[in-house]
Number of protein chains: 2
Amino acid sequence: MDYKDFENCGLKKALDMLSGKWKPMILYFLFYQGEFRFNDLWRSIPRISKKVLMEHLQEMVGNDLVIRREVNGFPSEVRYALSRKGKALGPVLSALDEFGNTSNLN
Amino acid sequence: MDYKDFENCGLKKALDMLSGKWKPMILYFLFYQGEFRFNDLWRSIPRISKKVLMEHLQEMVGNDLVIRREVNGFPSEVRYALSRKGKALGPVLSALDEFGNTSNLN
DNA sequence: CAGAATCCATTTTGATACTG
DNA sequence: CAGTATCAAAATGGATTCTG
């Protein structure tokens, strides 16, 4: 693995898409819980600020990991769910979860 | 997934162990290239500062992901390699790499 | 060579109040 | 309800210098 690899490898691209304190948690949550409205999602994730949740969601929508679906009405309703691409990360996150759960036993 | 899960789940533990700009790259590198001396590793990873590489390695040694092996002599020689636990992350990182390489094609 | 110590710049996150 | 704006606080990373 040389210089070029570090800059252009898939791992870097993937990590860039996942950069953000809560992104993997959000993805994992959506993977298991399905579609969620913004505020419900916000309440489901302790400690996260609305601002950061919003930023993370927008970036993930931009990376095609998450789909934003707007339901017309008042009060406004917006739902977020994983895209096909986002769902592809499910197994990876699951593997990480498993790793974190069992690695202390080694 | 409720409050408790977010704070104590394996995913969070795993992410904590991987927190640090270059840690996944370092692990991936060691996974494929095997044992490395500190300075060789440093030269192999463009842009990283010695300080940060040192910090990351020490944290990963503390998390039993990496093994530090000291070879007596002068100039001093220290070699870093993945532990069994660290090697367990190889497939996960590989999956992320694959994801990053192909996700733009979807 | 491996590593520690400073100091500083930048990034990231969080709290809060506000809008249509 | 979803989303924005502002500002402060914290975490992280980088450059440089120094040592046994």
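Keep in mind it's a predicted model, so treat the numbers as computed, not measured.
B:Glu59 has a carboxylate O that lies under 4.0 Å from a charged side-chain N of B:Lys23, or vice versa, which qualifies the two as a salt bridge.
When all heavy atoms are compared, the tightest approach of A:Gly100 to B:Lys13 is O-CD, 3.6 Å. Taking both residues in full, the closest heavy atoms of A:Ile48 and A:Trp42 are given as O-NE1, 3.0 Å, listed atom of the first, atom of the second, then distance.
Annotation: of the two residues near DNA chain C, B:Asp40 and B:Lys51, the 5′-most nearest-nucleotide partner is B:Asp40.
Closest to the B:Ser49 side chain, of the nucleotides C:dT13, D:dA15, D:dT4, is D:dA15. Checking C:dG3, C:dA2, D:dA2 against every side-chain atom of A:Val78, the shortest atom distance belongs to D:dA2. When distances run from any side-chain atom of A:Phe38 to the nucleotides C:dT13, C:dA4, D:dG3, the shortest one goes to D:dG3. When each of D:dG13, C:dT13, D:dT4 is scored by its nearest atom to the side-chain atoms of B:Val52, the top-ranked nucleotide is D:dG13.
Taking side-chain N and O atoms only, A:Arg43 has a distance below 4.0 Å to OP1 or OP2 of D:dC1. Using a 4.0 Å cut-off, some side-chain N or O of A:Trp22 falls inside it from OP1 or OP2 of C:dG14. Between B:Tyr80 and C:dC1 there is no side-chain N or O to OP1 or OP2 distance below 4.0 Å. Note on B:Arg37: a side-chain N or O is less than 4.0 Å away from OP1 or OP2 of C:dA2. Note on A:Gln58: a side-chain N or O is less than 4.0 Å away from OP1 or OP2 of D:dT4. Considering only side-chain N and O atoms, B:His56 lies under 4.0 angstrom from the phosphate OP1 or OP2 of D:dG13.
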